[in-house]
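The next block holds one structure in the form of C-alpha cells; read it before the comments.
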Amino acid sequence: MPHDNPFQDQLRFERQVPECAVVIFGANGDLTKRKLLPALYRLAYDRRLSAGFAIVGISRTPLSDDQFRENMKSAVQQFSEDTDFDANVWQTFAQGLFYIAGDVADQDLYHRLAGKLEAIEAERHTGGNVMFYLSTQPSQYAEIALGLGAAGLGKGSGWRRLVVEKPFGHDLASARLLSDQLHQVFNESDVYRIDHYLGKETVQNILAFRFGNGIFEPLWNRRYVNHVQITGAESIGVEDRGGYYEEAGALDDMIQNHLLQVMATIAMEPSASFEARSVRDERSKLLRSIRPMTPDEVRRNSVPGQYGPARIGGVDAPGYRQEKKVSPASQQNTYAAVTFFIDNWRWAGVPFYVRTGKRLPKRVTEIAIQFNSAPLHLFHQDGASSGANLLIVRIQPEEGISLRFLSKLPGAGMTLRPVSMDFNYGSSFGERSPSAYETLLLDAIIGDATLYTRQDMVEASWSVVEPIQNVWRQTRHVFPNYAAGTWGPEAADEMLARRGHVWRKP
Amino acid sequence: MGTTVAPEKVLKELSELWVSHGEADAGVLRACSITLVVMAEGSDDASALGETLAALMPEHPARAIVIRLSGAGPRALTERVQQQCWKPFGLGKQICCDQIEITASDEALADLPSVLLPLAVPDLPVIVWCRSPRLVKLPEFSDIARMATKVVVDSAAFPNAADAIRWMAGAALSGQTVGDLSWTRLTRWREMLSHVFDNREYLAKLGGVGSVRVGFQPPFEVCAWLMGAWICDALLDGGVTLRPAVQESAGADSTMQVELQAPDLKVEMNREDERLVIRVNELVSCTNLPQPTDYLLMREELGIVQKDTVFERALASAARLTYPTDK
C-alpha cells in the first residue's frame with residue numbers, strides 16, 4: 001500500500017478537506033445558519049469536501065434528520081451571499097447531515113452522539129476524524145468539553161479537534177480557567193480558537209505583503225514608521241445584542257481579540273517558516289511585547305466612549321442607553337481608543353493607535369501605516385509632504401492595499417500632490433474570495449492552526465487589556481460622550497493630538 | 001497601416017495612446033504581468049476571442065499581441081494598437097493593458113519573430129497561445145515558440161488525437177514548456193479522483209485496482225488518453241502496472257466517463273450538465289463543474305508559467321500508449 005496518495009498534483013489542485021464528521025453544538029443558532037452551513041455548503045459546491053463528509057447538528061429543539069436538513073436548506077438558500085443554490089449538489093451534501101436533540105448538561109446526549117459517530121464512521125468512511133464546533137453560549141464551552149471527555153469522545157481512531165468562538169474568557173483569570181477545563185479533554189494543539197478576522201483575505205495578505213516582497217520589510221520599523229492606526233468601525237448600534245454588550249463592551253469585544261490579533265500580524269517579526277507553529281510563535285511574541293499600562297498610563301493613553309442619540313440621514317438613532325436590554329445608566333463602553341507601545345527593538349517608541357466603536361459614520365476596518373516625512377523639504381510643500389507616505393491595508397468592506405506618495409503635478413512648476421496606488425482584492429483577482437468561515441473551517445479540518453488563536457496569545461492580550469479594563473471599571477464616566485454617526489469622543493482626538501497626530505477619517 | 005510592421009512605431013503608438021488616455025481620464029493604472037501572444041486563424045471568431053481576452057485581463061494583466069493569419073496571399077503584415085481597460089468596482093481609476101493586433105499572411109509568418117521580440121515586455125514571461133492546429137505544424141512556428149516561456153495549444157482542435165499527442169510530446173521532449181487545454185479540462189476531474197484516495201481506507205485498496213476505463217465523446221479523445229495515462233502513472237507509483245482502456249462511448253450523455261475497479265472498490269466519475277458526479281461504492285457526491293470555456297481554461301494555464309511535470313509525464317505515457325512504436 002502506498003503511504004502517500006500518488007494522484008496528488010500540488011501545482012494544480014486546491015486544498016481538500018479530509019474525510020471527517022463535523023459536530024456543531026448550537027445547530028439551530030444564528031451563527032450556524034448564517035455562517036457555518038453556508039460556508040460548508042460552499043466548500044461542497046467547490047469540490048472541497050470528501051464524498052463521506054458528514055455534519056451532526058446538536059441543539060435542544062426536537063427535530064428529525066429530515067427536518068434539520070430542511071432548516072439548513074432554507075438557511076443556505078437565504079444566507080449564501082454569492083453561491084448559487086444547486087439542488088443536486090445540495091441533495092448529496094444533505095445526505096451527510098444528521099441531527100441529535102438534547103441538553104448539553106445531560107450526559108446521555110454525549111453517549112447518543114458517540115453512537116451516531118460510530119455509525120457515520122462505518123457508513124461514510126470518515127476514518128474516525130471528528131471536529132467539534134461549539135457555536136453555543138461561552139458559558140457552555142467547558143461543560144460540553146467535559147461532557148465529550150466523559151463519553152470518551154475526546155479521543156478516537158482518527159483525530160479530534162475542538163473549535164471555540166470568542167470570547168475566550170472575560171479577563172485573564174477566566175481565560176486561564178477555560179483553557180484548563182478544555183485541556184482536561186483536548187490537547188492545546190487540538191483546540192482551535194476562532195477569530196474570524198484572521199480568516200479574512202487581507203489579513204492573510206499582510207503576511208504575503210510583508211514577507212513575500214523584499215521592498216517593504218526594510219521600512220517596517222521605528223526608523224521609517226511614524227505611527228500606525230488600526231480602526232475597526234461599525235455604523236450600526238448594538239441592535240438587539242444589548243444584553244451581550246452590557247457584559248462585553250467595545251474593548252473586550254473587539255480590541256482584546258480581533259484588533260490586537262491584527263496588530264500582532266502587522267507588527268510581528270518574520271517567522272522562520274510558514275508553519276502554523278512558527279507564525280503563531282511570532283504573533284504570540286509580539287503580543288507579549290505590548291507594554292502593559294499603569295493606571296496613570298491608562299488614563300493618558302486610552303479613551304472609552306458611549307454613543308448618544310442622534311439624527312442620522314433624517315432618521316432618529318437611539319443612544320446606547322436607549323437600546324433594548326441596556327441599563328439607562330449604563331457605564332459600558334461602545335467605543336474604545338487605546339495607544340499601545342511595543343517594547344521591542346523594531347517598534348520602540350512608535351505609537352499604535354487602535355480604535356473601535358459602534359455607531360461610527362461608516363463600517364470600515366483598516367490599518368494605516370504612516371511613514372516619516374522626507375528629512376528635508378526640498379519642494380517647499382510643507383502641507384503636502386507631511387505625512388505624505390501612507391500605506392493603508394483595508395480589511396473591510398473592500399479588501400485591498402493602497403500606497404500614497406507624492407508626485408509632481410504635470411506642468412512647468414514643481415508642485416507636488418499626493419497620489420494613490422491601489423490594489424483592490426476583488427478587482428485585481430476577479431476570482432471570488434472565500435469567506436472567512438470557509439477559510440477557517442477548511443484550515444481547522446485540515447489541521448492548519450496558523451490563523452487560529454493559541455492559549456498564550458489569548459492570555460497575552462488579556463494581560464494588555466486587563467489593566468485598561470480595571471481602570472475603566474473603577475471610573476465614573478460621563479456618558480454618552482459622542483453622538484451616533486460621529487468619529488467618537490473628542491478625548492480620542494486629544495489623545496493623538498498630544499503626539500502631534502490626527503485620526504484618519506477612512 | 002502598411003504592409004510591414006515596425007516594432008518601434010508600434011511602441012510609439014502605444015505610448016501616445018497612454019498619454020491621450022491619461023489626459024482624458026482622471027487616472028489610469030497600467031498593469032502587465034506577462035506578454036500573451038495569441039495566434040489565430042482569420043476565420044477564428046474575433047469578437048469571441050476579444051471577449052475571452054477582456055475577461056482574462058483583470059486576473060492576468062498582459063500585453064496581448066493578437067496575430068491573425070490571413071492565409072495565402074502576398075507577403076503582408078499590418079498592425080493596430082489599442083487598450084483593454086476596466087474600472088474595478090469602488091475604484092475611481094481605470095486599469096488598462098496594451099493590446100496589439102497584427103494581421104499576417106502565411107507568407108509573412110517568417111517575419112513575425114523579429115516583430116514579436118521587441119514588442120515583448122522585458123523581464124516578464126512570454127506565453128504563446130496558438131489556437132490553430134494548422135499553425136503549429138508550420139515550420140515558422142518553431143521560431144515563435146522558441147521565444148516563448150510556454151506554448152499553449154488545444155489538442156481537442158487537432159484533427160487526429162494521436163498526432164496531437166505526438167506533436168506535444170515531441171515539443172516537450174525538445175525542452176519546450178507546453179500547455180494543453182485538454183489537460184486543463186481534466187484538472188477538476190483529476191482533483192476529485194485524487195481526493196478519493198486521500199481516504200486511507202480507499203488508498204489501501206489501490207493495489208487491487210484491476211481495470212481503468214475511460215470513455216469519451218469526440219472531440220475529447222486526447223483528454224481521455226491523458227486521463228488514462230495519468231491514472232496509470234499514479235497506479236504505477238502505487239505498484240500497479242495497468243494499461244487503460246480508452247474508448248469512444250457513443251450515445252453517452254457525458255463528455256467523458258472514468259471508472260476504476262478493484263475487488264472491493266469501484267470509483268465512477270461522469271459529468272451531468274454543470275456538475276461532476278463521483279460514485280465511490282455506495283457513496284455519491286455531486287459538485288459544481290461549469291463547462292470549461294476558453295476563458296476558464298486559459299485563466300488556469302496563464303497562472304502556471306513553469307513546467308508542469310505531472311502533465312509532461314502523462315503526455316509521455318499517452319504518447320507511448322498511442323504510438324507504442326515510438327521511442
Side-chain angles (χ1 to χ4, degrees), chain A residues 1-14 16-20 42-53 83-84 86-93 95-96 121 123-127 129 158 394 397-398 400 402 410 419-431, chain B residues 27 29 31 55 58-59 61 86-91 93 95 184 187-188 190-207 230-231 233-239 272-280 282-289 299-300 304 306 308-311:
Chain A
M1 167 194 160
H3 286 294
D4 296 318
N5 178 358
F7 290 100
Q8 267 303 332
D9 182 351
Q10 297 200 341
L11 186 64
R12 294 194 185 239
F13 294 174
E14 293 174 356
Q16 299 283 318
V17 171
E19 65 284 353
C20 72
R42 178 72 203 201
L43 292 173
Y45 184 85
D46 280 345
R47 307 171 295 278
R48 301 294 186 89
L49 301 183
S50 61
F53 184 82
T83 307
D84 291 335
D86 184 313
N88 291 56
V89 174
W90 173 261
Q91 199 185 347
T92 54
F93 177 74
Q95 283 167 6
E121 186 180 339
E123 286 166 21
R124 302 187 67 82
H125 311 282
T126 51
N129 300 326
R394 294 186 308 276
E398 286 290 319
S402 298
V419 291
S420 175
M421 202 157 72
D422 299 312
F423 159 73
N424 183 294
Y425 237 92
S427 56
S428 296
F429 299 107
E431 223 167 307
Chain B
L29 291 175
E59 287 159 72
W86 66 99
K87 198 165 189 172
F89 181 76
L91 259 191
K93 290 175 188 148
I95 302 176
T184 326
T187 301
R188 301 284 84 93
R190 294 191 303 115
E191 189 176 48
M192 287 303 288
L193 182 63
S194 167
H195 197 28
V196 172
F197 295 99
D198 283 339
N199 185 315
R200 303 205 69 77
E201 198 180 318
Y202 299 138
L203 184 64
K205 294 173 179 171
L206 199 63
W230 172 73
I231 293 171
D233 284 346
L235 287 173
L236 188 63
D237 293 343
E272 288 179 6
D273 298 324
E274 297 280 305
R275 288 175 287 276
L276 182 65
V277 179
I278 183 158
R279 290 180 179 79
V280 184
E282 74 285 4
L283 282 175
V284 183
S285 169
C286 175
T287 66
N288 176 48
L289 185 69
R299 187 176 75 166
E300 181 175 328
I304 300 168
Q306 70 271 44
D308 180 346
T309 52
V310 178
F311 168 58

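Worth knowing before you read on, the calculation uses all heavy atoms, side chains too, and leaves out hydrogens, waters and symmetry mates. Sequence lines set the chain letters: A, B, ... in the order given, protein chains first and strands last, and positions in each chain run from 1. Keep in mind that what you see is a predicted model, and the values were worked out from it rather than measured.
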Whatever's closer than 4.5 Å to a heavy atom in chain A on Y202(B) counts as side chain
Those residues at least two apart in sequence (or on a different chain) that pass side chain to side chain donor-acceptor pair (under 3.5 Å) with R12(A) are E300(B), E301(B), D308(B)
Hits for side-chain contact (heavy atoms from CB on, under 4.5 Å) against Q95(A), two or more places apart or cross-chain, chain-then-number order -> R124(A)
Whatever's closer than 4.5 Å to a heavy atom in chain A on E201(B) counts as side chain
On a heavy-atom basis, the closest approach of R48(A) and H195(B) is O-NE2, 3.8 Å
By side chain to side chain donor-acceptor pair (under 3.5 Å), S194(B) pairs with (sequence neighbours left out) N5(A)
Side-chain contact, heavy-atom cut-off 4.5 Å: I304(B) with L11(A)? yes
Shortest non-hydrogen pair, E19(A) vs R200(B), comes out as OE2-N, 4.2 Å
CG (L283(B)) and CZ (F53(A)) are apart, to the nearest 0.5 Å, by 13.5 Å
When the 4.5 angstrom heavy-atom criterion is applied to V310(B) and chain A, the contacting part is side chain
Distance col, row D198(B):CG vs D4(A):CG, nearest 0.5 angstrom, shows 10.5 Å
So, the part of T309(B) with a heavy atom under 4.5 Å from chain A: the answer is neither
The interface call for I231(B) against chain A, heavy-atom contacts under 4.5 Å, is both
One should read off an interatomic distance between L235(B) CG and F7(A) CZ, to the nearest 0.5 angstrom, of 4.5 Å
When the 4.5 angstrom heavy-atom criterion is applied to Q8(A) and chain B, the contacting part is both
- Query: Would a 4.5 Å heavy-atom cut-off, applied to side chains only, mark P6(A) and L236(B) as touching?
  - Reply: no
For residues 273-280 of chain B against chain A, heavy atoms under 4.5 Å, the residues are R275(B)
When rounded to the nearest 0.5 Å, the distance separating CZ of R188(B) from CD of E14(A) is 5.0 Å
Looking at D86(A) and N288(B), would you say the former's side chain and the latter's main chain have a donor-acceptor pair under 3.5 Å? no
Most heavy-atom pairs under 4.5 Å with chain A, out of D233(B), N199(B), T187(B), V284(B), belong to N199(B)
